[in-house]
Enquirer: 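Got a structure for you, questions after.
What you are looking at is a predicted structure, and each value in this text was computed from that prediction instead of being measured. Each ligand, and each atom within it, is numbered from 1 in the order the structure gives.
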Amino acid sequence: MDLTTHPYDDDKFHEECGVFGVWNHVDAAALTALGLHALQHRGQEASGIVALSEAGVFNTHRGLGLVGDIFGDAKVMAQLPGRAACGHNRYATTGETALRNVQPLYADFEFGGFAVGHNGNLTNAQVLRRALVKRGCLFQSSTDSEVFIHLIAISLYTNVVDRLIDALKQVQGAYSLVALHDGALIGARDPLGVRPLVLGSMPNAGGQPSWILASETCALDIVGAEFVRDVEPGELVVIDDSGLRSIKPFAQTASRFCIFEYIYFSRPDSVVEGTGVYETRKLIGAELARESHIAADVVVPVPDSGVPAAMGYARESGIPFELGIIRNHYVGRTFIEPTDQIRHLGVKLKHSANRAMLEGKRVVLVDDSIVRGTTSKKIVEMVRLAGAAEVHMRVSSPPTTHSCFYGIDTPSRRQLLAAQHNIEEMARLIGVDSLAFISLDGLYRALGYGKRNNAAPQFCDACFTGEYSIPLIDWPSEQPQPALIPGK
Ligand code: SF4
């Protein structure tokens, strides 16, 4: 097992980005800052907003850090006037953390200004980038998203939307985009709809409603917008002063929405693809209890993300639910870098054992995933030190055996515990008396499907199965490509 001594390393897959856009609201930039704040869980390294003033001038502000720190100053917001804006939260997976990589990216074209924020990951970005550089394109950042800008620049179409469609037809991978030019706000999802994007609206005194695009519905709630619908896989929505129009430039194919959004990435109060995340996580926990029941005294979540699944597990099993681990919410990346003297504190900076709920008890620990196992091992040690008689771990996702290439920050397969060890070995390494994961079919059952359709899976689940549905063009040549499953 690769152990980490970094006390802030939570050993999770990380969502890469969140996007937000507003059309036709007098406080467009302020709404965007609020929306990005609600989407903070999707990226904490940097944020940016591009606003379009009534005079047709684009103003932008970007910064490294949290949304509240970057946009909490009234002077900053005063520099972002206008009735349209788009914004982006970044959790870097491609390109280093630097201001030049902070989105939305902005460029001046012959047709005017254009800003774009991207959630996802392009699997042919390197190939496209090399070709574009050969043609003389000068890249300003190291993020994969910049290929959109250059593909739009060299497109022979005259209309902005046609140029964007031309660019989208050349990229492969996962993308949910919010783009802004002086005539429209545009949202787009890749043909498989891997990453989420929702549409909302709110009444406006001027007659036409205000329109909102956001990664998740929790960002609609914070600004008081009504959920209208999900942007469909392969759809572009173009919003301008005459309303909204939908364009579907790709051949229809079955979607492959990221199943991990239900398990961990999305905020529990969001509704994802028509399904409430919180309730879904409880249903997954209940299914886990049915599959891997064990006699125990208490069900304890690994907070915060394990809480709804643990509630579902407790309700189904009849074992009492208790907060046996307390999370310190004030430990963040902005805290001082750990010195050697405090490194040994490790996970204790973030989690503490609630001894009264653990001592002498047979404990079922419920977590949403095990990635490298480093945090799980420390939490189990902590629970045992608090006097637990037995520790059984139950995980509300199947074993994560493969990396994600579609916009989620994951370690290489070499570092994934489940890619290197069977369940018995994992249990021994983590130090639990028993370990069980929800089965793949159990996960699909909890999501309302009888079971996984192996010929045409209903979701992307490649990090559990290795069945990638989008070609990995940039895959390192020295490694064999994983199997691709057909697109429908
Ligand atoms: Fe989501 Fe896993 Fe697919 Fe990545 S590989 S998109 S994390 S289900």
Enquirer: How about His293 and Ser317: does a side-chain donor come under 3.5 Å of a side-chain acceptor?
Expert: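 Absent: no donor and acceptor within the cut-off.
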Enquirer: Which pair of heavy atoms, one from Tyr262 and one from Arg281, lies closest together, and at what distance?
Expert: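 Closest approach of Tyr262 to Arg281, heavy atoms only: O-NE, 2.6 Å.
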Enquirer: Could you tell me, atom by atom, which parts of ligand 1 come under 4.0 Å of a heavy atom of Arg195?
Expert: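 Answer, ordered by atom number: 6 (S).
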Enquirer: Please check if atom NE2 in His37 has more than 12 non-hydrogen atoms from other residues, nucleotides or ligands closer than 6.0 Å.
Expert: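 Check fails, neighbour count at 12 or below.
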Enquirer: If you draw the axis of the six-membered ring of Phe139, does the NZ or CZ of Arg129 fall within 45° of it and under 6.0 Å from the ring centre?
Expert: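 Geometry flag: set, cation within 6.0 Å and 45°.
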Enquirer: Does a donor on one side chain sit under 3.5 Å from an acceptor on the other, for Glu146 and Ser141?
Expert: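 A pair is found: one side chain offers a donor N or O, the other an acceptor, under 3.5 Å apart.
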Enquirer: I want to check something: taking the side chain as every heavy atom from C-beta on, are Ile149 and Tyr106 in contact at a cut-off of under 4.5 Å?
Expert: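 No, every pair of side-chain atoms sits at 4.5 Å or beyond.
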Enquirer: Can you list the protein N, O or S atoms less than 2.8 Å from atom 3 (Fe) of ligand 1?
Expert: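 Atoms qualifying: Cys460 SG.
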